[in-house]
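Below is one structure, written out as structure tokens; comments come after it.
Owing to the predicted nature of the structure, the values given are computational and were not obtained by experimental measurement. All residue numbers in this chain count up from 1 along the given sequence.
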Amino acid sequence: MPLIRQVSILAGITVGMLGLAASPAAAAQNRTLTLDASDPLAAKALQICYDAHKFGPAIPYTDIDCKVSYAPSSYQAAHGPEHQVGDRVMNYASTTVTHTLAWSDTVTSSDSFEVSTSVKATIWGAAEAAVTAKYTKTWTRSSTISQTNSLPVPACNAGWFSRAAEMGTATGDLRLDFNSDTKIRSGTKKRYRHVVINNSTFSAPTGKNDLLIARSRAMTSQERTACAS
């Protein structure tokens, strides 16, 4: 066998053996755990990631850290549930009376996870950045509106204002990327570098296009006892 060919074959075998030897470590580094947002393990993984990012860099001689990112696949703006704001007023007169009502309403955000306030701040930061970048939409995790409005109430009726705030809802995948192999599941030796949480949903008020609705109803028989008509 020619010397050049023999050297070439030996080199190929050596590379192959090195590749086989390295493959378990490479597999561990690329091992991904995929979860649904409804899986209780997802909340645990989020907490582990938060702890790794907050405390890991302070541990000497380690490379412990974790980053959170969000990849939204859909975004939809729609009005949330209608709810009463301010007081309910009664018109006991025989004609329509216009009342002046002051009201204040706070609408807050919601998501798929039961986690600590600190973890929520982290995942919402990732969600807000991704939604703003992809859909050029802006959320507010909490929106408070205060107004004073006129409300005409027919005779012998109860009247009130209802409000339906516009909510922006995004659904997608949360991704957790650890710097080192990390144990997520109890009762197993498996460790993961990446966790992907499918169907991660975030919903928050947009601060736009809210509905304010004037409502009224006829008084009940008990309420009508003081009514003029």
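- Side-chain contact, N199 with D36: a donor N or O sits under 3.5 Å from an acceptor N or O.
- Side-chain N or O atoms of Q84 include one that pairs as donor or acceptor with a backbone N or O of G86 at under 3.5 Å.
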*Candidate pair K44 and S186, rule side-chain contact (heavy atoms from CB on, under 4.5 Å), full reasoning*: CA-CA 11 Å; K44 180 182 177 181; S186 301; 2.9 Å; yes
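- Transitive grouping of hydrophobic side chains (ILVMFWY, heavy atoms separated by less than 4.5 Å) keeps M219 and V153 in distinct clusters.
- No donor-acceptor distance shorter than 3.5 angstrom exists from the side chain of K208 to the backbone of E166, with no hydrogens or angles considered.
- Under a 3.5 Å cut-off, the side chain of T225 and the backbone N or O of Q222 do form a donor-acceptor pair.
- Classified by interplanar angle (parallel below 30°, tilted 30° to 60°, perpendicular above 60°), the ring pair F202/F113 is tilted.
- The closest donor-acceptor contact from the side chain of H99 to the backbone of R88 lies at 3.5 Å or more, if one exists at all.
- In this structure, the side chain of D51 does not engage the main chain of C49 through any donor-acceptor pair within 3.5 Å.
- K134 places no side-chain N or O within 3.5 Å of a backbone atom of S73 that could act as its donor or acceptor partner.
- Side-chain contact between V85 and Q147 is absent, with no heavy-atom pair separated by less than 4.5 Å.
- There is a path of hydrophobic side-chain contacts, each under 4.5 Å, that joins L33 to V115.
- A donor-acceptor contact shorter than 3.5 Å links the side chain of H83 to the backbone of R163.
- The backbone N or O of S200 sits less than 3.5 Å from a side-chain atom of Y70, completing a donor-acceptor pair.
- Both L41 and V68 are assigned to one and the same hydrophobic cluster, defined by single-linkage of ILVMFWY side chains at heavy-atom distances under 4.5 Å.
- The closest donor-acceptor contact from the side chain of T34 to the backbone of V196 lies at 3.5 Å or more, if one exists at all.
- T108 and S142 are not linked by any side-chain donor-acceptor pair at a separation below 3.5 angstrom, with hydrogens and angles left out of the test.
- Between Y192 and L176 there is no side-chain heavy-atom pair separated by less than 4.5 Å.
- In the hydrophobic clustering, M167 connects to V107, either directly or through intervening members, whenever side-chain heavy atoms lie under 4.5 Å apart.
- The distance from the CG atom of L151 to the OG1 atom of T96 is 10.5 Å, given to the nearest 0.5 Å.
- For the side chain to side chain donor-acceptor pair (under 3.5 Å) test with H53, the passing option among D65, N179, T122 is D65; the others fail.
- Residues P154 and N91 come closest through the heavy atom pair O-ND2, 3.1 Å.
- Between Y50 and S118, the shortest heavy-atom contact is OH-CB, 3.3 Å.
- Put simply, the side chain of T182 gets close to the backbone of S180: a donor and an acceptor are under 3.5 Å apart.
- No side-chain heavy atom of T132 sits less than 4.5 Å from a side-chain heavy atom of W139.
- Counting only N and O atoms by type, the side chains of K120 and S109 include no donor and acceptor under 3.5 Å apart.
- Hydrophobic clustering keeps W103 apart from M90 (ILVMFWY residues linked when any side-chain heavy atoms are closer than 4.5 Å, directly or through intermediates).
- Heavy atoms only, all atoms of each residue included: D87 and W160 are closest at O-CB, 4.1 Å.
- Salt bridge absent: R175 and D173 never bring a charged side-chain N and a carboxylate O closer than 4.0 Å.
- Cluster membership for L174 and W124, using ILVMFWY side-chain heavy atoms within less than 4.5 angstrom, is shared.
- Residues D181 and R193 are paired through a salt bridge, judged by an N-O separation under 4.0 Å between the basic side chain and the carboxylate.
- Enclosure of atom NZ in K190 is not indicated, since only 12 or fewer non-hydrogen atoms of other residues, nucleotides or ligands lie within 6.0 angstrom.
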